[in-house]
Amino acid sequence: MDDQTKLREFEARILNGELIEPKDWMPERYRKQLIRMISQHAHSEVIGMLPEGNWITRAPNLRRKISLLAKVQDEAGHGLYLYSAAETLGADRNSLINQLLDGLAKYSSIFNYPTLTWADIGIIGWFVDGAAIVNQTMLAKCSYGPYARANLRICKEENFHKKQGYEIIVTLAQGTEEQRKMAQDSVNRWWWPTLMMFGPPDGQSPNSEELMRWKIKLYSNDELRQRFIDLTIPQAKAVNLNIPDPDLRFNEKSGNWETGSIDWDEFFRVIKGYGPMNRQRIEARRNADKNGQWVRAAADAWAEKQRLKPNEMAGS
Ligand code: BYC
């Protein structure tokens, strides 16, 4: 079969709602797009541990500390599922990680903002995990089997993360005046960067058309952003927190909340490496890689020993 016929069959399978599995034929662009997206997603999970990890030692009580520890550990697990999904496409995990350490790989813009107060931990759960759930519920239905299954599992865990985040914010919003102000300040700083997580507006999203044709993405960046906005505004109203947008209005006709304009210059600055925390995030990963070297060397040595025959083991 020539490549044109294979492509037609591949696209017919996708139209038919079939999942593509690692050993199936796929166009090189499909493979490349998936490796790009899955690796960026994996890096985001790993870098995403840093802003929250910053507060583990300062969690206000034992219960909060336990759930934050569990959440950060879950993010590491998400990174593992995703690097494994990228490997099913022939990507080499070490090369992907080296691209991140060399500052050549993208990861979600949102993790280049600092966590200044405890309320920021609540906001990450409520806004950032909330946005991730909207995006990843779609990705759990994407056309590539291993990525769809990884997202299904990730979403189950993210739901818990979102609840713990919103509960932190509800507690602060109903607490003292100082606590309420802390929660409001956090909403003010994280609202716009969270909207940027969904990527550039539809007219400026070069990958969307191809991704949607192959059902890697089922909805556009703007459609998902709108869904997040519509879900989140009633939650903010329920705890009397204000969304920092003087132009926010409810459109009775469409049933959507309409926001003012997003500062896309800020977004492009951040993804080019000039956000408030880009340099610190990569530096922290490089240090973690250096400090973990001996653990990896010991694990490799142990694995090598397991491969030796039993009589060689006896003499060692
Ligand atoms: N940040 O053509 P576009 C989490 C890039 S972690 C940085 O629209 P696409 C969590 C984009 O990569 C959540 N870069 O791209 C973890 C492209 O650049 P390249 C992470 C961004 O792929 C810990 C260029 O801009 N989720 O849940 O169609 C704790 C043009 O964009 C961003 C995922 O990664 C951004 N925000 O759509 C808590 C999900 N947006 O590669 C929570 C998987 C765009 O051409 N990824 N860019 O040089 C996706 O769903 C899609 O890739 C995106 C972008 C929606 C992000």
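Atom set for the values below is all heavy atoms of this structure, side chains included, hydrogens, waters and symmetry mates excluded. When a ligand or atom number is given, it counts from 1 through the structure's own listing order.
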Can you confirm whether the side chains of S143 and R13 place a donor and an acceptor under 3.5 Å from each other? no

| Residues Q40 and H43: side-chain donor-acceptor under 3.5 angstrom | no

Counting from 1 in the order shown, the ligand 1 atoms closer than 4.0 Å to a non-hydrogen atom of S109 are 1 (N), 7 (C), 35 (C), 36 (N)

Do N242 side-chain atoms and P244 backbone N/O form a donor-acceptor pair below 3.5 Å? no

### Query
Using 30° and 60° as the class limits, which term best fits the ring planes of Y81 and H78: parallel, tilted or perpendicular?
tilted

With heavy atoms and a 4.0 Å threshold, my read on which part of E158 contacts ligand 1 is side chain

Ligand 1 atoms nearer than 4.0 angstrom to some heavy atom of S44 are 6 (S), 16 (C), 20 (C)

re atom 18 (O) of ligand 1, the protein heavy-atom contact at minimum distance is K106 NZ, 3.4 Å

So the atoms of ligand 1 within less than 4.0 Å of a heavy atom of K217 turn out to be 9 (P), 28 (O), 37 (O)

Candidates M37, E45, M212, K71; heavy atom nearest atom 52 (O) of ligand 1 found on M37

Contact region, N207 to ligand 1, non-hydrogen atoms below 4.0 Å, reads both

Open item on the list: Please verify the inter-ring angle class for Y144 with Y30; under 30° counts as parallel, over 60° as perpendicular, anything in between as tilted.
Closed with: perpendicular

- Message: Show, in sequence, the C-alpha distance, side-chain angles and deciding distance for D185 and R189, and conclude whether the salt bridge (charged side-chain N to carboxylate O under 4.0 Å, His left out) test is met.
- Response: CA-CA 6 Å; D185 170 65; R189 284 181 291 108; 3.1 Å; yes

task = Establish, from distance only, whether the side-chain atoms of H41 and Y107 form a donor-acceptor pair under 3.5 Å.
result = no

Short version for H41: what comes under 4.0 Å of ligand 1, heavy atoms counted, is both

Ligand 1 atoms nearer than 4.0 angstrom to some heavy atom of Y147 are 43 (C)

Ligand 1 atoms nearer than 4.0 angstrom to some heavy atom of F198 are 55 (C)

Counting from 1 in the order shown, the ligand 1 atoms closer than 4.0 Å to a non-hydrogen atom of G199 are 40 (N), 44 (C)

The answer for which part of V270 has a heavy atom under 4.0 Å from ligand 1 is neither

Near Q136 (heavy-atom distance under 4.0 Å), the atoms of ligand 1 are 13 (C), 26 (N), 27 (O)

| message | Apply side-chain hydrogen bond (donor to acceptor under 3.5 Å, both in side chains) to residues N188 and Q184 and explain how you reach the verdict. | response | CA-CA 6 Å; N188 295 348; Q184 182 61 57; 2.8 Å; yes

Could you go through the side-chain contact (heavy atoms from CB on, under 4.5 Å) check for E75 and V46 one step at a time? CA-CA 7 Å; E75 310 301 355; V46 171; over 6 Å; no

Looking only at protein heavy atoms, what sits closest to atom 14 (N) of ligand 1 is I271 CG2, 3.5 Å

Are any of the heavy atoms in L139 under 4.0 Å away from ligand 1?
yes

Distance-only donor-acceptor check, side chains W126 and Q235, under 3.5 Å: yes

inquiry  = Between W190 and F127, is the ring centroid distance below 6.0 Å?
reply    = no

TODO: Please indicate whether any nitrogen or oxygen in E75 is less than 3.5 Å from any nitrogen or oxygen in ligand 1.
DONE: no

Among non-hydrogen protein atoms, atom 56 (C) of ligand 1 lies closest to M197 O, 4.2 Å

Logged contact type for Y107 with ligand 1, heavy-atom cut-off 4.0 Å, is backbone

Contacts satisfying side chain to side chain donor-acceptor pair (under 3.5 Å) that involve residues 1-12 (not counting sequence neighbours) are D2-T5, E11-R213, E11-W214

shortest atom 47 (N) of ligand 1-to-protein heavy-atom contact is with F267 CZ, 4.0 Å

Indicate yes or no for a side-chain donor-acceptor contact from R64 to the backbone of A59 under 3.5 Å, with no hydrogens or angles considered.
no

**Asked** Should I282 and L101 count as side-chain neighbours, where that means a heavy-atom distance under 4.5 Å?
**Response** no

In this structure, atom 12 (O) of ligand 1 is nearest to the protein heavy atom Q40 OE1, 2.8 Å

Taking only non-hydrogen atoms of R36 and a 4.0 Å limit, the atoms of ligand 1 in range are 9 (P), 11 (C), 12 (O), 17 (C), 19 (P), 22 (O), 41 (O), 45 (O)

Fill in: N/O separation below 3.5 Å, N135 to ligand 1
yes

Would you check whether N221 has a nitrogen or oxygen atom less than 3.5 angstrom from a nitrogen or oxygen atom of ligand 1?
yes

Honestly, for I110 the part within reach of ligand 1 (heavy atoms, under 4.0 Å) is neither

Could you check whether D222 and Q226, counting side-chain N and O atoms only, form a donor-acceptor pair closer than 3.5 Å? no

the protein heavy atom lying closest to atom 10 (C) of ligand 1 turns out to be F111 CZ, 3.6 Å

The closest protein heavy-atom partner of atom 27 (O) of ligand 1 is A132 CB, 3.0 Å

Of S205, P206, P201, the one whose closest heavy atom lies nearest atom 30 (C) of ligand 1 is P206

Between K71 and the options E52, Q164, E158, E157, the side-chain hydrogen bond (donor to acceptor under 3.5 Å, both in side chains) test singles out E52

